[in-house]
Amino acid sequence: MAAARERSGCDEAVLTGEGRLHGRRVAFVVSEFRFLAGSIGLATADRIVTAVERATAERLPLLAAPASGGTRMQEGTAAFVQMARITAAVMAHRAAGLPYLVYLRHPTTGGVFASWGSLGHVTAAEPGALIGFLGPRVYEGLHGEPFPSGVQVAENLAAKGLLDAVVGIDDLADVASRTLNVLCEKPPAALRPRPPSGAAPETAAWESIERSRRPGRPGVRELLRHGASDVTPLSGTGQGEAGRGLLLALARFGAAPCVLVGQDRHGQRTGHPLGPAGLRVARRGMRLAAGLGLPLVTVVDTPGAVLSAEAEEGGLAGEIARCLADLITLPAPTLCLLLGEGAGGAALALLPADRVLVARHAWLSPLPPEGASLIVHRTPSRADEMAAAQGVRSADLLRDGLADVLVDERPDAADEPEPFCRRASAAVERELSGLAPGTPAARQARYRPAP
């Protein structure tokens, strides 16, 4: 212990305290790897738990930056079980609706990675960092061969959906501050007056469908680029799945912060159709919104879920059902933006919300019209008739109470992507202002047929 103090200049393997991040008060727990490899003993655990509990009592966001080999072997089982105690303190902090951000440094392994290192609302890692449960030296000593290379590396874990980002130390303050600008804010309290909306001519269903499929039509990425601020993309489920057909992010629309879950038209058209993993990413976003009391914004824009044996075996139908169940019962305000295509169960999975916005050429249908035509007429050639008969247009959705607000296109979002995204963003901010969480009964009431 004396040698560790002299070598590290610290009296323990963690430093705790508070500071200001771009003017915002934050609490921190930072490992000192030079002190016995950042290992967690009884005194170390006491220090971490005390810091977490104080952050909770003072309602401060908590930033953790571990670099550790795990449990302090010299203290044995008594130290080992402290990981459960630290986990309990972190979960109490989260249960209080307070942000917990984690930055995994080189190296972070063992019980630290398997407890407080893996519980962040948002988790980033140092470039090239060794991140893993089993230390490679232990593996090689037990198995007589090295652990496969390239697995326990930050960049690989990010690609697998286990980390949200790989962030260099020089960028860390800006990324963490941008994240907290969303997680620590609440939407404006009062609804803003809606601007008058001039009537626009209705469009034939098939024309809207064709327009929604134009390659230049803006999707959720363009919506965030042109209409949002403080955008922090999050990656994957945190459980080893990525789901590239769906985008999860923290963002602000004007003064309104939110968790955004959006179907990514670009990703779905470039080899990443929406499947079970994407819907599990969406459900991670729902849990984030619920845990932090933030509004959830869903963006529907999908030609339909992937049709494959892998999707069936991966539980596609069950994930659609669980998305619906989570949305209907979510204890946070919800808003859905129907942005483009809205085909099948994948679209339905993100639909139920307290408020629903619809772009003029967006549509919603139980199947792509070609598929509906095949079922009814045994040919896809009557898709235009089916679309007209099924009531898929924005005008139909507004008339039937399935949508609340029209986001106009003048005349087509593909011809004016930036102005359209700014209008859509303003509509999202306006509708989030003062929006309270609905009850399950209220959310499903709009789907009751008219008497």
Check whether any side-chain heavy atom of [X] sits under 4.5 Å from a side-chain heavy atom of [Y], and report yes or no.
{"X": "Val428", "Y": "Leu335", "answer": "yes"}
{"X": "Leu435", "Y": "Leu432", "answer": "yes"}
{"X": "Leu42", "Y": "Gln82", "answer": "yes"}
{"X": "Arg24", "Y": "Cys184", "answer": "yes"}
{"X": "Val392", "Y": "Leu364", "answer": "no"}
{"X": "Phe35", "Y": "Arg5", "answer": "yes"}
{"X": "Cys323", "Y": "Leu279", "answer": "yes"}
{"X": "Leu223", "Y": "Leu337", "answer": "yes"}

Scan Val182, Leu234, Leu247, Leu248 and name whichever one has a side chain to side chain contact (heavy atoms under 4.5 Å, CB included) with Leu260. Leu247

Candidate pair Phe28 and Leu101, rule side chain to side chain contact (heavy atoms under 4.5 Å, CB included), full reasoning: CA-CA 10 Å; Phe28 62 81; Leu101 309 186; over 6 Å; no

Set out, in order, the CA-CA distance, both residues' side-chain angles and the distance that settles side chain to side chain contact (heavy atoms under 4.5 Å, CB included) for Val26 and Leu60, then state yes or no. CA-CA 5 Å; Val26 297; Leu60 296 178; 6.0 Å; no

How many angstroms lie between atom [atom1] of [X] and atom [atom2] of [Y], to the nearest 0.5 angstrom?
{"X": "Leu338", "Y": "Leu351", "atom1": "CG", "atom2": "CG", "answer": "6.0 Å"}
{"X": "Leu292", "Y": "Arg287", "atom1": "CG", "atom2": "CZ", "answer": "12.5 Å"}
{"X": "Leu316", "Y": "Ile320", "atom1": "CG", "atom2": "CD1", "answer": "4.5 Å"}
{"X": "Leu250", "Y": "Glu185", "atom1": "CG", "atom2": "CD", "answer": "12.5 Å"}
{"X": "Ser177", "Y": "Leu21", "atom1": "OG", "atom2": "CG", "answer": "5.0 Å"}
{"X": "Leu104", "Y": "Leu163", "atom1": "CG", "atom2": "CG", "answer": "6.0 Å"}

Check this for me: [X], atom [atom1], are more than 12 non-hydrogen atoms of other residues, nucleotides or ligands nearer than 6.0 Å?
{"X": "His226", "atom1": "NE2", "answer": "yes"}
{"X": "Phe80", "atom1": "CZ", "answer": "no"}
{"X": "Arg221", "atom1": "CZ", "answer": "no"}
{"X": "Arg25", "atom1": "CZ", "answer": "yes"}
{"X": "Phe133", "atom1": "CZ", "answer": "no"}
{"X": "Arg322", "atom1": "CZ", "answer": "yes"}

Are the side chain of [X] and the backbone of [Y] linked by a donor-acceptor contact shorter than 3.5 Å?
{"X": "Glu18", "Y": "Ala27", "result": "no"}
{"X": "Arg252", "Y": "Ser229", "result": "no"}
{"X": "His106", "Y": "Leu130", "result": "yes"}
{"X": "Ser394", "Y": "His361", "result": "no"}
{"X": "Gln263", "Y": "Ala346", "result": "yes"}
{"X": "Ser433", "Y": "Glu429", "result": "yes"}
{"X": "Asp264", "Y": "Leu246", "result": "no"}
{"X": "Asn181", "Y": "Asp230", "result": "no"}
{"X": "Glu155", "Y": "Gly128", "result": "yes"}
{"X": "Ser68", "Y": "Gly70", "result": "yes"}

Taking [X] first and then [Y], would you say they form a salt bridge - that is, a charged N and a carboxylate O separated by under 4.0 Å?
{"X": "Asp326", "Y": "Arg284", "answer": "no"}
{"X": "Glu241", "Y": "Arg280", "answer": "yes"}
{"X": "Glu319", "Y": "Arg283", "answer": "yes"}
{"X": "Arg178", "Y": "Asp171", "answer": "no"}

Minimum heavy-atom distance [X]-[Y], with the two atoms named:
{"X": "Pro61", "Y": "Leu180", "value": "CB-CD2, 3.9 Å"}
{"X": "Pro66", "Y": "Ser31", "value": "CA-OG, 3.3 Å"}
{"X": "Ala353", "Y": "Cys336", "value": "CB-N, 3.6 Å"}
{"X": "Leu157", "Y": "Val151", "value": "CD2-O, 3.7 Å"}
{"X": "Leu36", "Y": "Ala4", "value": "CG-CB, 4.0 Å"}
{"X": "Val261", "Y": "Ala282", "value": "CG1-CB, 3.5 Å"}

Walk me through it: do Glu431 and Arg355 pass the test salt bridge (Lys or Arg N to Asp or Glu O under 4.0 Å)? CA-CA 7 Å; Glu431 297 301 322; Arg355 297 288 287 175; 2.9 Å; yes

Which residue pairs satisfy the side chain to side chain donor-acceptor pair (under 3.5 Å) criterion with at least one member in residues 89-104, sequence neighbours excluded? Thr56-His93

Begin from the C-alpha positions of Arg217 and Glu341 and carry the test salt bridge (Lys or Arg N to Asp or Glu O under 4.0 Å) through to its verdict. CA-CA 11 Å; Arg217 186 175 180 86; Glu341 296 177 272; over 6 Å; no

Audit row: Leu288, Leu294, side chain to side chain contact (heavy atoms under 4.5 Å, CB included) steps and yes/no: CA-CA 8 Å; Leu288 270 176; Leu294 284 171; over 6 Å; no

Run the numbers on Arg265 and Asp301 for salt bridge (Lys or Arg N to Asp or Glu O under 4.0 Å), then give the verdict. CA-CA 6 Å; Arg265 64 187 294 119; Asp301 192 0; 3.0 Å; yes

Go through the steps to decide whether Arg47 and Glu12 satisfy the test salt bridge (Lys or Arg N to Asp or Glu O under 4.0 Å), and finish with yes or no. CA-CA 9 Å; Arg47 182 172 293 189; Glu12 247 304 340; over 6 Å; no

Quick one about Asp354 and Thr334 (side-chain donor to acceptor, distance below 3.5 Å, no hydrogens or angles considered), yes or no? yes

Between the side chains of Ser212 and Trp363, does any donor sit under 3.5 Å from an acceptor? yes

Side chain to side chain donor-acceptor pair (under 3.5 Å) against Ser39, all qualifying residues, sequence neighbours excluded: Arg72

If you apply the rule side chain to side chain contact (heavy atoms under 4.5 Å, CB included), what do you find for Gln152 with Thr108, and how did you get there? CA-CA 10 Å; Gln152 296 176 311; Thr108 300; over 6 Å; no

